[in-house]
There are 2 protein chains.
Amino acid sequence: MHNVVISGTGLYTPAESISNEELVESFNCYVEQFNTTNAAAIEQGEVQALGPSDAAFIEKASGIKSRFVMDKAGILDPQRMKPRLPERGNDEPSILCQMAVAAAEQALQRAGKTAADIDAVIVACSNLPRPYPALSIEVQQALGIQGFGFDMNVACSSATFGLQAASNAVQLGQARAVLLVNPEICTGHLNFRDRDSHFIFGDAATALVVERADLATSANQLAVVSSKLLTQFSNNIRNNFGFLNRAGEEGEGARDKLFVQEGRKVFREVCPMVADLIAQHLAENNLQVTDIRRFWLHQANLSMNHLIVKKLLGRDASVEEAPVILDTYANTSSAGSVIALHKYQDDLPSGALGVLSSFGAGYSIGSVILRKL
Amino acid sequence: MHNVVISGTGLYTPAESISNEELVESFNCYVEQFNTTNAAAIEQGEVQALGPSDAAFIEKASGIKSRFVMDKAGILDPQRMKPRLPERGNDEPSILCQMAVAAAEQALQRAGKTAADIDAVIVACSNLPRPYPALSIEVQQALGIQGFGFDMNVACSSATFGLQAASNAVQLGQARAVLLVNPEICTGHLNFRDRDSHFIFGDAATALVVERADLATSANQLAVVSSKLLTQFSNNIRNNFGFLNRAGEEGEGARDKLFVQEGRKVFREVCPMVADLIAQHLAENNLQVTDIRRFWLHQANLSMNHLIVKKLLGRDASVEEAPVILDTYANTSSAGSVIALHKYQDDLPSGALGVLSSFGAGYSIGSVILRKL
């Protein structure tokens, strides 16, 4: 059985970003148009007037100031309010593949490896672009990687669950190294007309090279010490878009075919589950919370992260202990905790311990203990 | 590290089935209506007349005589030609969950285990019903299973790839047993108006209990000896339906948003890949082809299976060596090889070796060597 390290991390950040102010201007324009168009019905109490959004409220409620996106113009067009991503031919690379490849190339470079060193590709993300062929196989081909690939989905926790799957394959000798990628176009499944959630998501892709420790040559290695996963069913974050919609056509295009969330319930239920899982995971590994130098947490909501780390530490965490990327990236689903890991690891001294933790829809929660080599 | 066995298999077969004759009658009714409606344009050479389908041709070309389906009436209605599966509320079990649970209950019973003995659920299939929450977590809840779950997709090979993932988790002590389920409503992504492919798919669900050998108590155990996976990109089987379609709306509802295949190319390219992979896998395990008592192959096309086993054995295989379920089930994607395994294992003597092999879109190919205990 082989020891396993993360020998390289990579990040693709879209070229365009949208500030809260820009997003709110577009949303409020939509609201004004809606209320004007429906003025008579609103007057008669048949239709409810929409209320405006507010940039300061968004930042206060979520910690988000802006988000990177794959298509700014389409999202901000009040007549459209969704990204415009023209169809591509089957022989062109898909947009999620391109994002994955960009992140992967950086991860390979940081690992000091090439496609010839990789034996498998796992794509793990919260929304796959098509049922077949698997996106992982397209990524494999784009990079020239032999071996095998498959796609996984367990929403926001796809990165930690994917990391366990990748680590298992390396430990058991099925691959010298696995490329794990988390490409997310979250703006593709966000309802930009919903005031409660129109601000929460951004787009990004991350990549990890998960490699046999004895083959790794990278200067920045993190040993995969242990992982612990937990899922518990909840409808509080749900999206019913799927291939069977055409068989139940009465619901096609309805609101539940995009992201829908009961935010307050999620906050109340998920925070204690995450803190408990991490505490239990550390205890099983004979570690104290104070042994952990850094928590790379899923980036959905700043107050959630504050609460989770406070439950663990018994005090507020510093930004060095629990880095934040949510302010500029928003929630990028599975990519979030890996973006934090990618950006905040090089300063760690040898031997330092960290926890990569994801949580979200499902509910799904993952905790991976990493040790800087 | 733990040894791993399949301690139970399960199968859910839909109540309704459609014979070739029934399917062809509906298709030809559609063709007649189309040609009548478009008679003038066909006459002027602007529209191409559609040709009829033929039950005897279907059986000769594929080996399929009938298929089980989740909704016969909707598929056979010439005005509809797709299953009618009414939308369900979020608090009702989804239809794929129900199919998965039915197969799982049989697998648990055959394994002599209950939900309390299972620590993880993997749903692996060619089309997931929604992005989140993961179907695996819904199955977990429906059965009362603690632990974790995630969804996987690598099309027709989802069962063998899922079996490797499940086996890895058990080997490494992450789960005492994993429930692997393959629920497939293939008729939901089949274009019943396409003469070349309208007959190929059926619906079914399979389940495996993948368990630590030292905990298994079942009378019918198959040791998981070794697995080998391979993927190589191809557009010859493709379906572009997905969450980004709304961002490229010019293509919404187009033919490529359902199953599309270049059947002859697939036949020519995939058969040698499968035979080579199995041969290589056996050689790596110091086994001869003649050591293998049974090949539980993916069930897509009878000639493909004949050719693959002939390439391996150097002669035609008997139905005992390569059992066929395709005649009554058609292609059920990831479920196919597991249906063959489920139906044709109890007669094997202790020590007998078999190969479970999947192949299909991606391309994706899996080979798992099993030994009857």
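Chain letters run A, B, ... following the sequence lines, proteins first, then strands; residues in each count from 1. Below, all heavy atoms of this structure are taken into account, side chains as well, without hydrogens, waters or symmetry copies. Just so you know, these numbers come straight off a predicted model, no measurement behind them.
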With a 6.0 Å cut-off on the ring centroids, do A:Tyr132 and B:Phe241 count as close?
no
Aromatic contact, B:Phe259 with B:His189 (centres under 6.0 Å)
no
Under 4.5 Å from any heavy atom of chain A, what part of [X] do you find: side chain, backbone, both or neither?
{"X": "B:Ile185", "value": "both"}
{"X": "B:Arg80", "value": "side chain"}
{"X": "B:Met152", "value": "both"}
{"X": "B:Asp91", "value": "both"}
{"X": "B:Phe161", "value": "side chain"}
{"X": "B:Ile95", "value": "side chain"}
{"X": "B:Ser234", "value": "backbone"}
{"X": "B:Gln174", "value": "side chain"}

Quick one: do B:Arg238 and B:Glu262 make a salt bridge, cutoff under 4.0 Å?
no
Taking every heavy-atom pair that is under 4.5 Å apart, which of A:Glu249, A:Lys228, A:Lys257 has the most such pairs with chain B?
A:Glu249
